[in-house]
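Just so it is clear, the structure is predicted and the values come from calculations on it, not from any experiment.
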Amino acid sequence: MERFRNPIVFLILLLLPCLLFFSGWRYWWFYQISLQFGICLVGIFFYSWRLVALAGLLLLLIFNHAWFSLNPRVPESCQRQIDHFSGLVETDSNNKTETLRLIKVEIWCRGQSVSWPSAELRSADFRNRKLRWFRMGDRIQLKHIGIQARNPIALDIKPEPRVSIYNLTRQERILHRGSLLLYVQNKARYFLGPFPSSVYKALITADRTSLTIDWRNRINDLGITHLFAISGMHIGILFLWFSLVIRWLVSFPCTWVEKGASVFLTDLVSITAIFVFLRVIGMPISAERSFIMLVWWALMRHFLRWQPLWFILCGTGMIILVGSPIAIGQKSFQLSFLSVAGIIQILPFLPRRRIQDSLGSALRKLVLSSLFVSAWLCLLTLPLVSQLAENVSLISAFNNVIHIFYLSFVFLPCSLLVMVFTVLGYPWGGLPGELYLYSLLNFVGKIWERGLVLNSEWNRYFLIKNFKEWPLFSTLVWFVLFLTPFFIKWMACEKRKT
């Protein structure tokens, strides 16, 4: 009974209703919110759950109170003219369904506005109309539609002859590109070669449009696509490098440093610097989620340090899914969440570094740990990767270790140095000596390019044809695989007790 009082159990119960997204029910979001409210209200009566329950209840109110009301009314002017009708879409544009469902709907009619929890558009031919590419979770705008029926939870909308759909999320992302971001991209385009420039833009400005189809195919076959999108791994690398530099700057002897105040200052400045960096590049959605986890981890580290890593992971999932409930259906969220869970699972089984270890022993343990983690994550994420990639490499774990090390210790530090130098020279159009820094970055980029080419040449002998469908038997095998580390750890604990 003592185990069920753990706050992690409460967070898991709070996350379970999010699975209603996969039910296909029209009112899934209303049911999810209702269940989560009920779980939070029950959790308040348990002392060990009370703090987390109050936090969850507060988040539910903050993120959802604007979309639900007891007696919502559509303005009468909407019967004559709808100026704006948008919502978060539940499917991708390449989905062949004839039903388009939205949540968090915003409506404007002749200066009057109203919000609605959800809406549904049913039509057999609207997909042949003027559409725009969109992904699950994007805010899209529908034009030339009419409101057919309504209830307090959902709207039925019908298409008119000239119905069209526009991706507001993509438009906003493009419009929010500031002059500083464009300046950094133009500098890279001018000084760097094709491959170093495209990789630099992908890692520093979250723009992968310069990667050619040939390079995209090679990267996919190597199984290292995640390296070229700003995700949790990149946020972690940025935090480590920023912390290293700031810790070195504040390492002078004084009373408040000796008391440990520099740790909090280092984390605060590092997180602030990462936030400013992400805001400049437009805050990609994957980076935003990783930043939420970083902030949550820092808060737990300084104020609730007795909480384990599972509490941090589940708390991050709660914050993300309460604010963006459709995220649970996105492959990017599933992969990142499962990857972090896999790393936490495997941590107790990794070789531990000791103070008396020599440099060679420490490096050997680091390499073995990296290979072990990479291989485990490749197995654990295979059901999701199989739905995204055409081929799977049998040596993708080895490929990841090689290129992650090069990215972490060579290319990304050089890229950050070049970016900081470029930003400092922005008011004057550049600083003296930037040519030499870009030449260095171009050199290390060319080395990585050559390494990727060689790697892809012998990687093709280890490629196997991927499959899109994941049968029930394989799903059960994956479920057993996921539970295996928990079982081994439990057996070890029982053995120590006896």
Show me the pairs that pass ring-ring contact (aromatic ring centres under 6.0 Å, His included) and involve residues 200-224, at least two apart or across chains.
F195-W215
Donor-acceptor check, side chain of [X] to backbone of [Y], threshold 3.5 angstrom: yes or no?
| X | Y | value |
| --- | --- | --- |
| W116 | W67 | no |
| N167 | R170 | yes |
| S456 | V453 | yes |
| S374 | A397 | yes |
| S198 | P194 | yes |

Evaluate the criterion side chain to side chain contact (heavy atoms under 4.5 Å, CB included) for residue pair L88 and D138; output intermediate values, then yes/no.
CA-CA 5 Å; L88 303 180; D138 286 346; over 6 Å; no
Test of understanding: with ring-ring contact (aromatic ring centres under 6.0 Å, His included), list the residues that count as partners of [X], not counting sequence neighbours.
| X | value |
| --- | --- |
| F242 | none |
| F349 | none |
| Y183 | Y426 |
| F22 | none |

Side chain to side chain contact (heavy atoms under 4.5 Å, CB included) partners for N455, two or more places apart
L222, N399, H403, W458, N459
Which residues share a side chain to side chain contact (heavy atoms under 4.5 Å, CB included) with F277, sequence neighbours left out
I204, L238, I281, M419
Are side-chain N/O atoms of [X] and [Y] paired as donor and acceptor at under 3.5 Å?
| X | Y | result |
| --- | --- | --- |
| T212 | D214 | no |
| S86 | R139 | yes |
| E106 | S115 | no |

Test of ring centre spacing under 6.0 Å for [X] and [Y]:
| X | Y | result |
| --- | --- | --- |
| F63 | W29 | no |
| Y406 | F411 | no |
| W310 | F486 | yes |

From [X] atom [atom1] to [Y] atom [atom2], the distance as rounded to the nearest 0.5 Å:
| X | Y | atom1 | atom2 | value |
| --- | --- | --- | --- | --- |
| S339 | L384 | OG | CG | 8.5 Å |
| I224 | I219 | CD1 | CD1 | 6.0 Å |
| L483 | I488 | CG | CD1 | 11.0 Å |
| L299 | I312 | CG | CD1 | 10.0 Å |
| S393 | N220 | OG | CG | 12.0 Å |
| L168 | Q141 | CG | CD | 5.0 Å |

State whether D267 and R301 are salt-bridged, where the test is any N-O pair (Lys NZ or Arg NE/NH1/NH2 against Asp/Glu carboxylate O) under 4.0 Å.
yes
Heavy atoms from other residues, nucleotides or ligands near [atom1] of [X] exceed 12 (cutoff 6.0 Å):
| X | atom1 | value |
| --- | --- | --- |
| F21 | CZ | yes |
| L454 | CG | yes |
| R216 | CZ | yes |

Tell me, please, which residues at least two apart from R208 pass salt bridge (charged side-chain N to carboxylate O under 4.0 Å, His left out).
none
Distance-minimising heavy-atom pair for L102 and V105:
CB-CG2, 4.1 Å
Closest heavy-atom contact between S48 and P7?
O-CG, 3.6 Å
4.5 Å side-chain heavy-atom contact, [X] and [Y]:
| X | Y | answer |
| --- | --- | --- |
| L14 | L35 | no |
| I404 | L407 | no |
| W376 | L481 | yes |
| R364 | V367 | no |
| I285 | F333 | no |
| T266 | V269 | no |
| R101 | T91 | no |
| L441 | V444 | yes |

Before giving the answer on side chain to side chain contact (heavy atoms under 4.5 Å, CB included), spell out for R289 and S332 the whole-Å C-alpha distance, their side-chain angles and the decisive distance to 0.1 Å.
CA-CA 10 Å; R289 294 167 183 166; S332 59; 3.4 Å; yes
Evaluate D92 against F134 for side chain to side chain contact (heavy atoms under 4.5 Å, CB included), listing each step before the verdict.
CA-CA 6 Å; D92 295 331; F134 55 82; 5.7 Å; no
With [X] via side-chain hydrogen bond (donor to acceptor under 3.5 Å, both in side chains) - residues at least two apart:
| X | result |
| --- | --- |
| T422 | Y438 |
| K201 | S210 |
| S243 | S270 |
| S370 | none |

Candidate pair W28 and E90, rule side chain to side chain donor-acceptor pair (under 3.5 Å), full reasoning:
CA-CA 11 Å; W28 66 271; E90 297 182 14; 3.0 Å; yes
Kindly indicate, with the supporting measurements, whether the criterion side chain to side chain contact (heavy atoms under 4.5 Å, CB included) is fulfilled by N400 and F405.
CA-CA 8 Å; N400 271 279; F405 270 85; over 6 Å; no
